[in-house]
Amino acid sequence: MAEQSGNEGSPTFDKPKVELHVHLDGAIRIETIMDVAKRRGIALPVATEAEMTHLCILSKPSTLTEFLGKFSEYMHVIAGDREAIKRIAYEFVETKAKEGVAYVEVRYSPHFMANSNVEPIPWEQKEGDVTPDDVVNFVNQGLKEGEKDFKIKARSILCCMRHMPNWSMEVVELCKKYRNDGVVAIDLAGDESMDCESYPGHLKAYEEALRSGVHRTVHAGEVGRPSVVREAVEVLKAERIGHGYHTIEDQALYKQLLEDNMHFEMCPVSSKLTGACDPDFTKHPLIRFKEDKANYSLNTDDPLIFNSTLDSDYQAAKKYMGFTEEDFIKLNLNAAKSCFLPEKEKKDLLNQLYEAYGLVNNTSF
């Protein structure tokens, strides 16, 4: 798929970028998986990087279920290993620096990388001694070292999982504990058919986040109905929506969110390969969002599984959706304005972008 490659020639938009929706556990290098498996003595079903790549990626439009199944091919290699967790965070920052990202918010479930103090223990691991709290600490260490070495800014978002409401209160407590140490928000990811009325653990966590001043984003309207987006906004008090493509099927809700300047974290390549949207990019909901001057960003979501880079998403937007340099500038400024940094750091980021874009703090953008 040519539109996915993102690796040939110069980047589609060669100025500093802001990325707000990318999963750490969906952005691991294949060589790192192979390396860690060898060090830990974990047998993989294949012998080469090329075969492992083939195993981990979605090469054609599929389903969200098949996409989620890809994590079980490699997460048991990384989870529960201190060195590996710190390494993937560090390498993530290096990758984003190479992609021209000035600021990134990377998200993950601390519980999915733990093997202690977590019920059930994920990925069929044996019980060990790495707790969800440890995971956050190791990720923070890796991100900080990466920031120092690669001169970009990286922060993290901790994910609750819809099918594991019993984890959610601990997630919000970890957000509070590490709020001055790199963690900027809470997220809710997973099966959108599992609403918060039936699984009140998430609602309690989000109420605590609101009460404690923890920023909130929610995966909603990716494959789910607009009602999931409405719940995210009205019940969970989300400040941003992860994906949100299907919002446009409820015109009243869509109009309201446009008026409220709600930020949508858009991931075009992801939405094609997970079956969230029509595989024809020329029919992508993002075109409507652009026409309506909505507030959105472009993001990779899970670049390992989609065999993509951030440029793949910019390429798709330019080639199939008519995006111009001006559109890219505008969406990155919107991303910076909608990021979860403290106000002073947010202002510094915006000034950095204005300067790079040749704008003198131009508020008309």
Side-chain angles (χ1 to χ4, degrees), residues 1-22 96-105 152 221 240-248 254-255 257-273 276-301 303 306 308-339 346 349-365:
M1 292 173 62
E3 68 265 33
Q4 266 184 270
S5 59
N7 294 315
E8 296 98 25
S10 58
T12 307
F13 179 65
D14 64 355
K15 295 177 172 64
K17 293 175 278 289
V18 174
E19 185 169 14
L20 301 179
H21 190 118
V22 52
K96 289 299 150 186
K98 284 179 180 167
E99 291 181 359
V101 174
Y103 173 65
V104 63
E105 289 175 3
I152 73 167
R240 296 195 326 228
I241 296 295
H243 303 284
Y245 318 114
H246 294 279
T247 311
I248 60 175
Y254 177 59
K255 185 167 180 282
L257 295 183
L258 285 178
E259 285 172 14
D260 294 343
N261 200 37
M262 175 59 70
H263 185 86
F264 293 88
E265 305 156 357
M266 295 283 187
C267 312
V269 170
S270 162
S271 68
K272 172 176 181 167
L273 291 172
C277 295
D278 190 310
D280 181 350
F281 276 140
T282 65
K283 296 174 182 170
H284 200 281
L286 180 52
I287 298 166
R288 172 78 184 274
F289 281 81
K290 175 170 79 88
E291 287 168 354
D292 293 338
K293 297 182 170 51
N295 177 7
Y296 57 84
S297 49
L298 286 185
N299 309 278
T300 53
D301 201 12
F306 305 130
S308 66
T309 67
L310 187 54
D311 191 56
S312 310
D313 290 277
Y314 279 75
Q315 244 180 51
K318 182 179 181 180
K319 188 173 177 184
Y320 300 100
M321 305 179 203
F323 273 64
T324 63
E325 178 103 343
E326 188 174 305
D327 292 321
F328 290 137
I329 287 172
K330 188 170 184 179
L331 74 87
N332 277 287
L333 291 175
N334 278 337
K337 288 170 187 172
S338 303
C339 81
K346 187 185 286 194
L349 173 62
L350 275 162
N351 287 335
Q352 180 187 343
L353 296 183
Y354 287 131
E355 190 176 335
Y357 299 162
L359 305 167
V360 187
N361 208 343
N362 188 340
T363 50
S364 67
F365 261 91

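In what follows, residues are counted from 1 in the order of the sequence shown.
The shortest side-chain heavy-atom distance between L333 and L350 falls under the 4.5 Å cut-off. Residues D311 and K17 are not in side-chain contact: their nearest non-hydrogen atoms beyond the backbone lie 4.5 Å or more apart. Side chains of Y103 and C339 form a contact here, defined as non-hydrogen atoms less than 4.5 Å apart. Y320 has its side chain out of reach of I287: every pair of non-hydrogen atoms, C-beta onward, lies at least 4.5 Å apart. Between H21 and S297 there is no side-chain heavy-atom pair separated by less than 4.5 Å.
The two residues H263 and N295 have their closest heavy-atom pair at ND1-OD1, 2.7 Å. When all heavy atoms of C277 and H284 are compared, the closest pair comes out as SG-NE2, 3.8 Å. Annotation for Q352 and A102: closest pair NE2-CB, 3.6 Å, computed over non-hydrogen atoms. A pairwise comparison of heavy atoms in E325 and K15 identifies OE2-NZ, 2.5 Å as the closest pair.
The CG atom of D327 sits 9.0 Å away from atom NZ of K293, with the distance rounded to the nearest 0.5 Å. If you take CG on L310 and CD on Q315, they are separated by 11.0 Å, rounding to the nearest 0.5 Å. Rounded to the nearest 0.5 Å, atoms CD1 (I248) and OH (Y254) are 6.5 Å apart. Taken from CD in E19 to OG1 in T300, the straight-line distance is 3.5 Å, to the nearest 0.5 Å.
Under the 3.5 Å distance criterion, the side-chain polar atoms of D278 are matched with a main-chain donor or acceptor of D280. In terms of modelled atom types and a separation under 3.5 Å, the side chain of N332 and the main chain of V18 share a donor-acceptor contact. In this structure a side-chain-to-backbone donor-acceptor pair under 3.5 Å is missing from Y245 to M266.
S271 and H243 are not linked by any side-chain donor-acceptor pair at a separation below 3.5 angstrom, with hydrogens and angles left out of the test.
Aromatic ring orientation, F328 versus Y314: tilted (interplanar angle from 30° to 60°). Between F323 and Y296, the ring-plane angle classifies as perpendicular under the 30° and 60° cut-offs.
Under the 4.0 Å criterion applied to side-chain N and carboxylate O atoms, E326 and K330 are not assigned as salt-bridge partners. Salt bridge annotation for R288-E291: absent, with no cationic side-chain nitrogen under 4.0 angstrom from a carboxylate oxygen.
The number of heavy-atom neighbours closer than 6.0 Å to CD of E355, taken from other residues, nucleotides and ligands shown, is 12 or below. Counting heavy atoms of neighbouring residues, nucleotides and ligands inside a 6.0 Å radius, atom NZ of K318 does not exceed 12 of them.
Of the candidates D313, L273, D301, P268 forms a side chain to side chain contact (heavy atoms under 4.5 Å, CB included) with just one, namely D313.
In this structure, K272 forms a cation-pi arrangement with F281, its terminal cationic atom sitting closer than 6.0 Å to the ring centre and no more than 45° off the ring axis.
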